[in-house]
Amino acid sequence: MTDSAVAFLSHLGITALSPGMVFMWAVSFGLIYLAIARRFEPLLLLPIGFGILVANLPLTGLMEPGEGLIWRFYHYGIQWEVIPPVIFLGLGALTDFGPMLARPSLIFLGAGAQVGVYVTFFAARALGFTLPEAATVGIIGGADGPTTIYLATRLAPHLLGSCAVAAYSYMALVPIIQPPVMRLLTTEAERRITMKKSRKVPKREKILFPIVATLVTILIVPASAPLMAMFMLGNLFRESGVVERLAGAAQNELMNIVTIFLGLSVGATMKAETFLQAKVIFIFVLGLVAFAVSTASGVLFAKCMNLFLKDKINPLLGAAGVSAVPMAARVVHQVGSEANRKNYLLMYAMGPNIAGVIGTILAAGIFLSLLQ
Amino acid sequence: MAEELLAPMVGKILKIKVKPGDAVREDDEIMVMESMKLETGIHAPCDGVVKEIKVAEGDRVEEDDLLAIIE
């Protein structure tokens, strides 16, 4: 009788609870609160927050390798590297490369804003992270969720959860992180600069772009192929105009479905024993540094370009080179219109913004080919 | 002299804050438009009187579409 009572009690979840788990609940509730009440990236942070909660309930076996339900989502979706490329298919179908093609010189701003990725990489290395870990932390500065998840899976799976949460939280915080850096590095007069009208991009060019971009980028950085190929395929669906159903499925149903599995399983990787380490604090600090440095380098890069350009560009556009689409472009627009009400930078900012996505994929590809 | 107010970018007209005959000053907000989920004010190009409004709330506009004439 007492034996079976003891056996029953030992199967009660509550007896196996640890303080670390309860702490993780607080993290989970925090994210769920931010997602619901403050609308911080709710599509990702809500399932991630819930994933953290259930992964930190004792004796559930949800993340038990080979058996657990969420482990299977994680294994077949993320470890098999299926979901991030599928997300990129949808992003490709959602992306209009028009603003970038209208003014190809702005592509360089998308490259200029990747500096934060590399600066943070070296900073993380200096702080004692291993090379693969440092690359994963650095890529947070690219401000691209699926790329961060993809790179973390390949290089440092134990950091996946914290890097993903850092990336998505900072993307939500773009409107707070970026403007002070942008104002610090530009003068009022520079922010007032209005842009010369862009040319209209013919349809044929938009159709050819994903094909040419696939050839060029993958021939240079083959390791970028999984993300790049899917991104460009999605865009070809969109621009070809003949497969509206596929373009629609890629950007709506398919992307929504995999987002559920992505968020839940990324959250579930954040168990108390792996998350509660000093390293995680560094990840959040370095991630923030990466964001700020990327913003700064983009703006400074734009100012350098102005030394050579006859028609000056507004240096704020450089800040849109971080690939948080379209948040960074919106921030550029808002800071620009504060200085000059008739300054409409949004569409110009979309150019470097989208170029930034490509830049971050390439940066991830370069890390992969050097570190694997 | 009449000045044409053109759409600064593609998007949707959310709100029109003036009607024909209203006097406006340069930089007054005349309309609010939305583009990529971002709301932006559209401001008067000069002092004058609104002569004509060419769009209605909820209309989708392309870049450079005529929105209003002010003289």
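Please read these numbers as outputs of a predicted model, since none were measured by experiment.
If you measure heavy-atom distances from B:Ala44 to chain A, the contacts under 4.5 Å come from the backbone alone.
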Inset, instruction - Could you please spell out the steps behind the salt bridge (charged side-chain N to carboxylate O under 4.0 Å, His left out) verdict for A:Lys342 and B:Glu26? - result: CA-CA 11 Å; A:Lys342 285 177 212 137; B:Glu26 184 172 355; 3.1 Å; yes
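Atom CZ of A:Arg204 has 12 or fewer heavy atoms from other residues, nucleotides or ligands within 6.0 Å. Residue B:Glu62 places its CD atom among 12 or fewer non-hydrogen atoms of other residues, nucleotides or ligands, all under 6.0 Å distant. Dense packing is recorded around CZ of A:Phe209, with more than 12 heavy atoms of other residues, nucleotides or ligands lying under 6.0 Å away. Remark: A:Lys312 NZ is packed, more than 12 non-hydrogen atoms of other residues, nucleotides or ligands lying under 6.0 Å away.
Side chains of B:Ser35 and A:Met347 form a contact here, defined as non-hydrogen atoms less than 4.5 Å apart. Between A:Met350 and B:Met9 the shortest side-chain heavy-atom distance does not fall below 4.5 Å.
At a threshold of 4.0 Å, the pair A:Lys197-B:Glu63 counts as salt-bridged, since one of the basic side-chain nitrogens sits closer than that to a carboxylate oxygen.
Among residues 231-257 of chain A, no residue has any heavy atom closer than 4.5 Å to a heavy atom of chain B. Within residues 47-60 of chain B, no residue has any heavy atom less than 4.5 Å from a heavy atom of chain A.
Minimum interatomic distance between A:Tyr344 and B:Thr40 (heavy atoms only, all atoms of both residues): CE2-CG2, 3.5 Å.
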